[in-house]
A.B. asks: 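Let me give you the structure first, and then I'll get to my questions.
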Amino acid sequence: MSADASDLSLVRRVQRGDKGAFDALVLKYQHKLVKLVMRYVRNPAEAEDIAQEAFIKAYRALPQFRGDSAFYTWLYRIAINTAKNAVVSRDRSPIEYDLDRHSDESYDMQGRMKDPETPEGLVLTDEIRSTVNAAIDALPEDLRTAIVLRELEGLSYEEIATAMDCPVGTVRSRIFRAREAIDKRLREVFEGGLGRAEELG
Amino acid sequence: MNEELDSQLSAMFDDELPTEECELLARRLSRDEALKARWGRYAVVGAVIRAERGVRLNAPLAGRVNAAISAEPTLGAAAAAVRSAAHTGVRWWQPLAGAAMAAGVAAASVLWLRAQAPAVPLLSAQRAASTVAVPLLKASTGLMDPSYVTPRAPAVRPMLVPSTQLANYVVAHSMVSSPVAGRNLLSAFISSESPPPAPEDVRVNVAGNAK
């Protein structure tokens, strides 16, 4: 098993002309990229525009990607450069937005004031968030610990196995079962396909 | 849906699936919309756990990128063009490399032949020395037949001069075979030697065998 093998296998498919594989990469990294771009622009809609531009730039540059670095590292650099260029072209100073300085409540209020999204869209985002949180709360302790260590702490299966004192296969199974339990609830909200939000809103 | 497949998808999402399985699953993932939707929901779960505030979880970003990419040219063709250009780039210097190799071999051959050139007079000198040595030997011991001179195998260039036994065999064979064949063999033997032996030596040898 090699690190980044999953992304690399998708990247290779895109390089051979499979556009569907790029869709999978976008689905995987869209939230991370928007969050990254939001260090430079506060408006989520603007951040999405920049993230979209970064993804398209990445797609066009993909024939030159040789896999020397991880795909996300490469994509990260493209997104940062795109965000900086966007900020410069709009004659603004980049804003280092430190999320830790704001409480969730104040940030939500700030975001809502600037976000041109429809009230239905905001409600849907909140619904997704509350559904996932409720599903996580309902998980058995071992499943919840495994998924949180993976997603929040970014630990590998081997590191989680050490932390939880169990075999790696058990970790894989626990994370999968946790995801399945959450996904079962989430599917009801997302029926119709993720990321095609116009259908949902 | 197949539970094993979903388990693999979860492991692949975490970069914890073996490479070979990733290749197979990536192929399926790129084509199977239901699997792709599940993959996308796994990303949403991660975003919620990481509390990525301000990020719209139902954003139309993926759909917009998908639409934009659909209008883009397929990368396979572009990659093939890049590969072709790279291949063409390799081709232009291939004849030059071949010519350079041929020139190198030729130069090495010339240098080698030049290095061997001083050996020719040395060989002649050795032969002369051997023929001079024979009467001296005869005079001192009286054991050798004066009509037969065995050419001494030269110390240098052993690859170019046949062995003494081979020379004797060829000469003897030429005497018992038909005159035409004998001439052919003899002439072939003589021409194969480099440098050609002194005519006196051959005559003496033939005369010696005839006796």
Side-chain angles (χ1 to χ4, degrees), chain A residues 1-6 9-10 13-24 26-28 30-31 34-35 38 44 48 51-52 55-56 59 62-63 99 104 107 111 117 121 124-125 128-129 132-133 148 150-152 157 172 175-176 179-180 182-183 186 190 193-198 200, chain B residues 3 6-7 9-19 22-27 29-33 35-66 68-70 72 74-82:
Chain A
M1 195 182 321
S2 67
D4 203 37
S6 144
S9 58
L10 290 167
R13 292 204 65 80
V14 183
Q15 287 174 331
R16 291 196 293 267
D18 185 351
K19 290 180 179 179
F22 193 73
D23 212 17
V26 174
L27 286 169
K28 184 176 181 182
Q30 58 175 337
H31 307 111
V34 169
K35 187 185 176 188
M38 283 182 74
E48 282 172 18
Q52 180 184 342
F55 274 123
I56 294 167
Y59 177 80
L62 217 49
L99 293 175
D104 288 350
Y107 177 76
E117 196 182 21
L124 189 57
T125 293
I128 291 166
R129 196 164 276 135
V132 171
N133 284 327
V148 168
R150 173 63 213 166
E151 292 288 6
L152 192 62
Y157 283 8
R172 174 175 157 163
I175 291 174
F176 164 62
R179 283 197 174 120
E180 281 299 285
I182 300 164
D183 189 56
L186 198 55
F190 266 108
L194 185 78
R196 313 321 194 237
E198 307 312 341
L200 299 169
Chain B
E3 190 174 303
D6 293 343
S7 168
L9 188 73
S10 171
M12 182 175 170
F13 190 86
D14 293 331
D15 262 334
E16 296 276 357
L17 195 65
T19 308
C22 274
E23 299 287 337
L24 293 172
L25 197 54
R27 183 180 179 179
L29 181 60
S30 67
R31 297 172 181 179
D32 188 332
E33 287 300 319
L35 206 61
K36 207 184 284 180
R38 181 182 293 263
W39 173 269
R41 289 195 299 271
Y42 286 173
V44 168
V45 171
V48 172
I49 293 174
R50 287 189 298 274
E52 289 172 349
R53 311 299 295 182
V55 177
R56 295 192 299 179
L57 300 173
N58 61 320
L61 179 59
R64 278 161 45 191
V65 172
N66 181 272
I69 295 302
S70 300
E72 293 281 323
T74 304
L75 285 191
V82 168

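Model, not experiment: these values are computed from the prediction. Note on naming: letters A, B, ... go to the chains in the order of the sequence lines (proteins, then strands), and numbering restarts at 1 for each one.
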A.B. asks: Does A:Lys19 use its side chain to pair, donor to acceptor, with the backbone of B:Ile69 at less than 3.5 Å?
C.D. replies: yes

A.B. asks: Could you tell me if the side chain of B:Val65 sits less than 4.5 Å from the side chain of A:Phe22, heavy atoms only?
C.D. replies: yes

A.B. asks: What's the spacing between A:Phe55 CZ and B:Leu61 CG if we round to 0.5 Å?
C.D. replies: 6.0 Å

A.B. asks: Ignoring hydrogens and geometry, is there a side-chain-to-backbone donor-acceptor pair from B:Trp39 to A:Leu27 under 3.5 Å?
C.D. replies: no

A.B. asks: Regarding B:Tyr42 and A:Asp183, do their side chains bring together a donor and an acceptor under 3.5 Å, going by distance alone?
C.D. replies: no

A.B. asks: Do you know the tightest heavy-atom contact between A:Ala5 and B:Thr19?
C.D. replies: CB-OG1, 3.8 Å

A.B. asks: Side chain, backbone, both or neither: which part of A:Tyr157 has a non-hydrogen atom closer than 4.5 Å to chain B?
C.D. replies: both

A.B. asks: Once you round to the nearest 0.5 Å, how far does CG of A:Leu10 lie from CE of B:Met12?
C.D. replies: 4.0 Å

A.B. asks: Shorter than 4.5 Å, heavy atoms on both sides: which option in B:Cys22, B:Ala11, B:Ser30 has the most such pairs with chain A?
C.D. replies: B:Ser30

A.B. asks: Kindly determine whether A:Ile175 and B:Asp14 satisfy side chain to side chain contact (heavy atoms under 4.5 Å, CB included), including the steps that lead there.
C.D. replies: CA-CA 10 Å; A:Ile175 291 174; B:Asp14 293 331; 3.7 Å; yes

A.B. asks: At their closest point, which heavy atom of B:Glu23 faces which heavy atom of A:Ser9, and how far apart are they?
C.D. replies: OE2-CB, 3.8 Å

A.B. asks: So how far is it from A:Ile128 CD1 to B:Arg56 CZ, rounded to the nearest 0.5 Å?
C.D. replies: 11.0 Å

A.B. asks: With rounding to the nearest 0.5 angstrom, report the CG to NZ distance, A:Asp23 to B:Lys36.
C.D. replies: 4.0 Å

A.B. asks: Is B:Ala47 close to chain A through its backbone or its side chain, or both, or neither, when contacts mean heavy atoms under 4.5 Å?
C.D. replies: side chain

A.B. asks: Using non-hydrogen atoms only, which part of A:Ile182 is less than 4.5 Å away from chain B: side chain, backbone, both, or neither?
C.D. replies: side chain

A.B. asks: Is the backbone N or O of B:Ser10 less than 3.5 Å from a side-chain atom of A:Arg179, with the two atoms forming a donor-acceptor pair by type?
C.D. replies: yes

A.B. asks: Assess whether a salt bridge exists between B:Glu16 and A:Arg172, defined as any Lys/Arg side-chain N lying under 4.0 Å from an Asp/Glu carboxylate O.
C.D. replies: no

A.B. asks: Please give me the minimum heavy-atom distance between A:Thr125 and B:Leu57, naming the atom from each residue.
C.D. replies: OG1-N, 3.7 Å

A.B. asks: Are B:Arg41 and A:Glu180 ion-paired here, with the side-chain N under 4.0 Å from a carboxylate O?
C.D. replies: no

A.B. asks: Does atom CZ of B:Arg50 have more than 12 heavy-atom neighbours, drawn from other residues, nucleotides or ligands, at distances under 6.0 Å?
C.D. replies: yes

A.B. asks: When only pairs under 4.5 Å are counted, which of A:Ala24, A:Ala51, A:Ala21 shares the most heavy-atom pairs with chain B?
C.D. replies: A:Ala24

A.B. asks: What's the spacing between A:Arg129 CZ and B:Ile49 CD1 if we round to 0.5 Å?
C.D. replies: 12.5 Å

A.B. asks: Less than 4.5 Å to any heavy atom of chain A: does that hold for the side chain of B:Arg31, its backbone, both, or neither?
C.D. replies: side chain

A.B. asks: Give a yes or no on whether the backbone of B:Ala43 and the side-chain of A:Lys28 come within a donor-acceptor separation of less than 3.5 Å.
C.D. replies: no

